[in-house]
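Letters A, B, ... mirror the listed sequences (proteins, then strands); counts begin at 1.
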Amino acid sequence: MKVEFTKPQLALRTELREYFDQLMTPELRQECAAAVGEGGGPLWREALRRLGRDGWIGLGWPVEQGGRGLTPIEQFIFVEEIMRAGYPFPFLTTESVGPQLAEHGNEWQRDELVPRILAGDLLVSIGYSEPGAGTDLAALKTTATREGDEWVINGQKMWTSLAHFCDYTWLAVRTDPNAAKKHKGISIFLVPNSDPGWSATPVHTLGGVRTNATYYDNIRLSEKHLVGELNQGWKLITGQLNRERLSLVNVGPTSQLFNEVTRWAQQSTCDRDGTTLIEQPWVRMNLAKVRTGLEALKLLCYKQAWAMTEGSLDMADASAAKVYGSEYFIEAYRLLGEVIGQASTINSLSAKDSVLNGRIESLFRTASIITFGGGTNEIQRDIIAAAGLWMPRAAR
Amino acid sequence: MEFGFNEAQNEVRELSRKMLTELVTAENLSRFDEYSEERFDRDLWAQLATAGLLGVAIDEKWGGMGFGFTELALLLEEAGRTIAPAPLLSCLVSSALPLQEFGSQALCERLLPGVASGELILTAALMEPGNENPAAPSTRAEPTGDADYRLFGSVTCVPFATQADYVLVAAQTTGGVIVCLVGKESDACICSPLRVSTYEPQYRMDMDGVFVPADRILAGPSEGARVMQWIAQRTIAATCAHQTGVVDQSMRMTASYTSERQQFGVPVATFQAVGHRAANCFIDVECLRLTTYQAVSLLSSDSEASIEVAIAKIWAGDVGHRVSYASQHMHGGMGIDRDYPLWRYCLWARQNELMLGSSSSMLAELGERIAAGEAFCA
Ligand SMILES: Cc1cc2nc3c(=O)[nH]c(=O)nc-3n(C[C@H](O)[C@H](O)[C@H](O)COP(=O)(O)OP(=O)(O)OC[C@H]3O[C@@H](n4cnc5c(N)ncnc54)[C@H](O)[C@@H]3O)c2cc1C
């Protein structure tokens, strides 16, 4: 047991920080800020291709899959640093869909799509949720039916994030309506968002984040678009979500935010008596609570990255990190927002008066997404009780 | 970044878990309830010594196994899992470790083999009435003779003080804090027993000129405060490890109980409100375990770890409190029935919570470090 980064890992972190300092030009920052941390703009795309060219995207991937052969721990350090730098990294594509395709994809997917993902040239949106299928994802109704050599896709998805600038949608569809259990009749297809039968309408959310309703109207696909085996999609979905969870609760941005709020409080005078804000006991208490919680989240994440290296990612641990992280973020933004005070409600559009570029104003509005997104915390707690503590579950 | 255990660590863990779960049973523990017997299982102590576990972190040349602080902390975690009635923390962590690190060759040679063989018991006084900072004692040491001292003052909550052969005590001199081993041969030291929640033998010691010969000084005035901080950090980290065992066991007991106990025709575990509170315990215990392992790992390599130790202790306090009450609640009445083993765990969760700094006091300390710019995230 050695709960410390090795020297090469520390060196990697330093190298990445310098690299991202250069990558994140003021123009790129401005473009990303306008897209509410989603990316998708031309400078953002160019930066992603540069990351690909410089070999960063597949840092921790095996060499035979086109990566640099380091471990998931180095991969995690990379994602942590890029998110700390404020670049909206398309981790759904690179960290969860990509590795699933490399592992379970057919020749076309492995030899053509995966290299493009590693090159920063191909983006995939996730199409699971539907108007009637949220937490109970297996209730989904979008279908793929076989006609001759082709599959015909029909249906509607909801909350298909990033789809308006992605190349493909990783789509969950029903392929066997008569399966004994509803999650046994589901398959995954890669649907080109450029297909004439594909369309999207925007859905605007509290945080300013745009997501989409997406429509699938008689889209005809050849067999090569099927991922993995027919009717075996559920395993791909849970595998993808397990990987996604780790990226969702990355500590990079919050570490950065803690440091910045601390520095801000060290420099700001307190309205009461002209001393600095950081001298107030309650400010110290808030910061200490954020710091304490952050340390645990960091370790939960690193432990998972380590477990992936060992090939022993534990389901209960993955769910624990997701639940803890998503709820911790909400509390941390509150505690840090209190330190800044009412000024933490001033939007970055009021550049002169906002504090730390209005980051907390915006985080407050986006914080809830991952308590229900990425597998709602209620289901995660069910998983923890069952897989981590062997408690029986109610029949559903 | 390595969260797995090496071979030695696995061995220590498995051996101590096996021995402690076999030898420390609920019936066994009930002997000590309400102080009906001194809460020190000397047979257990002898068997742990025979198995080599008392010397786990003692150098081979003094009769130990020669492993480090990580292995010792893993033993403490198992002691917490069974709430073993033995002075593992006070003897092996708070006093034998600093003796080995800072004591003279001669003193180590005289005492450490006895600790490893179980024949000699050490303990440490880390608290005074109204003063929880072990590095800033108000007990005084007055020089006498060539290099000897006499101690004046009171310490309290000293575990196993009358059972131990020597008590590690810190005292203030005009030049700084010294750390020494006090023998109890003298009339000038009066030990009065305390009654505490856990039934652990604890004492107040009033010292009125206790004589300490020069050869029992572990640290002189220029380094005593630093040595006491060294001791406090390791004692806190080991307490967190003990707490990890305590709450892990309480939580698992609760998971089993609720899986068996039926109401409304189904196991109560199947009610989501119950399952989710247990899941919260699981998350809490994991946070405590990982912050503890991080602190232990850093201390094992003698790295600076004061922030990480404080953070682990905050978790130990909060998680101890939450898991203790959650476990009681999910057991219903059985949780506090003295014929069922859970209640004793709750007492230990509480002792560990408050020992050497509560969560709030540790948060305040951490807040000071943050304000001073000493605790930025890396
Ligand atoms: C900004 C945003 C981006 C998203 N991006 C994507 C995306 O890219 N792709 C995609 O497929 N989906 C996406 N989603 C959808 C997201 O995954 C769903 O919102 C989520 O699965 C929850 O489904 P729901 O919204 O239908 O809530 P519901 O399932 O209706 O749940 C409502 C409430 O009931 C609770 N609940 C439900 N079932 C249970 C149960 N069995 N036990 C206890 N409580 C229960 C839930 O926890 C929740 O609190 C996104 C959503 C948002 C808002």
Per-residue contact mode, A:I73 against chain B (heavy atom under 4.5 angstrom): side chain

Region of B:L363 in contact with chain A, defined by heavy-atom distances below 4.5 Å: both

Residue A:R334 excluded, over 12 heavy atoms near CZ under 6.0 Å: no

Residue pair B:S359 / B:D318, side-chain donor-acceptor N/O under 3.5 Å: yes

Proximal component of B:L288, with respect to chain A [non-hydrogen, under 4.5 Å]: neither

Six-ring centre of A:W56, A:R68 cation under 6.0 angstrom, axis tolerance 45°: yes

Aromatic B:F376 / basic A:R263 pairing, under 6.0 angstrom, 45° off normal: yes

Side chains of B:Y293 and B:E77, donor plus acceptor under 3.5 Å: yes

B:E368, part contacting chain A, at a heavy-atom distance under 4.5 Å: both

Heavy-atom donor-acceptor pair, A:R284 side chain to A:I278 backbone, under 3.5 Å: yes

A:N377 and B:H276 side chains, donor-acceptor separation under 3.5 Å: no

Contact origin within B:A378 toward chain A - heavy atom pairs under 4.5 Å: both

Validation row, ring centre A:F76 to ring centre A:Y302 under 6.0 Å: yes

Contact leader toward chain B among A:M285, A:K303, A:Q266, A:R393, where contacts are heavy-atom pairs under 4.5 Å: A:K303

Atom group of A:A316 that falls short of 4.5 Å from chain B, counting heavy atoms: both

Flag for A:E310-A:S312: side-chain donor and acceptor within less than 3.5 Å: no

Region of A:L294 that comes under 4.5 Å of a non-hydrogen atom in chain B: side chain

Part of B:Q294 within contact of chain A (heavy atom distance under 4.5 Å): both

Under 4.5 Å from a heavy atom of chain A, the part of B:A8 involved: neither

Structural part of A:E4 lying under 4.5 Å from a heavy atom of chain B: both

Region of B:S303 in contact with chain A, defined by heavy-atom distances below 4.5 Å: side chain

Toward chain B, the part of A:K289 with a non-hydrogen atom under 4.5 Å: both

Side chains of A:Q380 and A:Y324, donor plus acceptor under 3.5 Å: no

Per-residue contact mode, A:W390 against chain B (heavy atom under 4.5 angstrom): backbone

Distance-only side-chain donor-acceptor flag, B:E78 / B:T82, under 3.5 Å: no

Region of B:T291 that comes under 4.5 Å of a non-hydrogen atom in chain A: both

Greatest number of heavy atom pairs closer than 4.5 Å to chain A - which of B:G4, B:S301, B:G373: B:G4

When B:E286, B:Q9, B:M251 are compared by non-hydrogen pairs under 4.5 Å with chain A, the top option: B:E286

Best-contacting candidate, A:T71, A:D317, A:V323, against chain B by heavy atom pairs under 4.5 angstrom: A:D317

Chain B contact via A:E378 - which portion, at a heavy-atom distance below 4.5 Å: both

